[in-house]
Amino acid sequence: MDAELFGRAAGGDERAFGELFERHAQAVWNHAYRLTGSWAVAEDLTSNTFLIAWRKRAELKLIRDSALPWLYTVAGNLARRERRGAHRRLRLLSRIPEPQLVWDHAEAVAAQLDGEERLKAILDAVSRLPKAQRQIVELCLLGDVPTTDAAALLEVAEVTVRSHLSRARAHLRALLEDK
């Protein structure tokens, strides 16, 4: 069904692209959130993902008549770019002395921070994986893309995807147990 809509969108049909956006925006936002751990950044990444999809609508690669794996890949690339930028900003901010802050210790805030810290620890562990494993984890584990679709998107054998996934899980367990 995506192929027909993207075919029309490639010809400039904004309504067809709007239908694709409505169909996949929530899934892309969820994927972006799982990659970043931030609602606001996930919203920005979702917007930028669909902006890129609009600009490259004629080049889009569908997997099993679905644009979702391609959109997940774009969101993953944008998330990595955002993470690198955040690291640069943090290094810059580390040079500035920290002001004295008074924190609100409300239960809801504490629970939310604990959840975000766990997600950030997982994302940090994923970022330490070798590139091939990281891509497959982002697609298959964080994005729920089937291994067959990930293999087609990455242009590798499905057995390669499964192998990388198995190694990545073991590597992630080891990294997260150290914490």
Side-chain angles (χ1 to χ4, degrees), residues 1-3 6 20-21 23-53 55-91 114-179:
M1 200 178 302
D2 283 356
F6 262 104
L20 284 165
F21 176 83
R23 180 179 298 164
H24 297 302
Q26 187 63 45
V28 171
W29 184 91
N30 288 336
H31 183 64
Y33 177 74
R34 287 188 297 263
L35 292 174
T36 63
S38 168
W39 290 13
V41 174
E43 288 178 16
D44 290 343
L45 292 180
T46 301
S47 297
N48 287 334
T49 297
F50 281 96
L51 178 63
I52 290 170
R55 288 180 180 159
K56 295 187 173 196
R57 63 192 180 276
E59 305 166 24
L60 187 88
K61 182 176 182 180
L62 298 179
I63 304 296
R64 291 189 189 191
D65 197 32
S66 176
L68 204 52
W70 187 86
L71 293 169
Y72 280 172
T73 301
V74 171
N77 291 338
L78 291 172
R80 280 188 294 285
R81 185 180 307 152
E82 171 61 30
R83 210 172 6 249
R84 285 190 305 267
H87 286 299
R88 284 191 297 270
R89 288 188 293 278
L90 285 175
R91 282 195 309 267
D114 286 345
E116 288 179 2
E117 288 301 317
R118 282 191 298 266
L119 182 58
K120 286 180 183 177
I122 291 168
L123 294 175
D124 182 52
V126 169
S127 71
R128 293 182 192 176
L129 293 173
K131 181 181 178 183
Q133 290 178 12
R134 185 181 65 241
Q135 284 179 319
I136 290 170
V137 165
E138 289 174 355
L139 288 172
C140 296
L141 296 183
L142 298 177
D144 276 337
V145 173
T147 56
T148 54
D149 294 351
L153 182 68
L154 298 172
E155 300 178 346
V156 296
E158 184 178 352
V159 70
T160 302
V161 171
R162 290 176 192 243
S163 174
H164 282 306
L165 197 53
S166 176
R167 288 186 191 126
R169 283 183 172 135
H171 197 173
L172 287 172
R173 265 189 235 102
L175 288 172
L176 293 173
E177 285 176 0
D178 290 344
K179 293 188 176 201

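Every residue two or more places apart in sequence or in another chain that forms a side-chain contact (heavy atoms from CB on, under 4.5 Å) with Leu123 is listed here: Leu119, Leu142.
Residues His171 and Leu175 are in side-chain contact: their nearest non-hydrogen atoms beyond the backbone lie under 4.5 Å apart. Side-chain contact between Leu62 and Trp70 is absent, with no heavy atoms from C-beta onward closer than 4.5 Å.
No donor-acceptor distance shorter than 3.5 angstrom exists from the side chain of Asp149 to the backbone of Ile63, with no hydrogens or angles considered. A donor-acceptor pair under 3.5 Å is formed between the side chain of Arg83 and the backbone N or O of Leu35. Between the side chain of Thr160 and the backbone N or O of Val156 there is no donor-acceptor pair closer than 3.5 Å. No side-chain donor-acceptor contact under 3.5 Å links Ser166 to the backbone of Arg162. Between the side chain of Ser163 and the backbone N or O of Val159 there is no donor-acceptor pair closer than 3.5 Å.
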Problem - Stepwise side chain to side chain contact (heavy atoms under 4.5 Å, CB included) test for Arg80 and Arg134 - result: CA-CA 11 Å; Arg80 280 188 294 285; Arg134 185 181 65 241; 3.6 Å; yes
Practice task
Could you please spell out the steps behind the side chain to side chain contact (heavy atoms under 4.5 Å, CB included) verdict for Leu71 and Phe50?
Solution key: CA-CA 8 Å; Leu71 293 169; Phe50 281 96; 4.0 Å; yes
Practice task
Go through Thr148 and Glu158 one step at a time and tell me if the side chain to side chain donor-acceptor pair (under 3.5 Å) criterion holds.
Solution key: CA-CA 6 Å; Thr148 54; Glu158 184 178 352; 5.2 Å; no
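Comment: Asp124 does not engage Lys120 in a salt bridge, judged by the lack of any side-chain N to carboxylate O separation of less than 4.0 angstrom.
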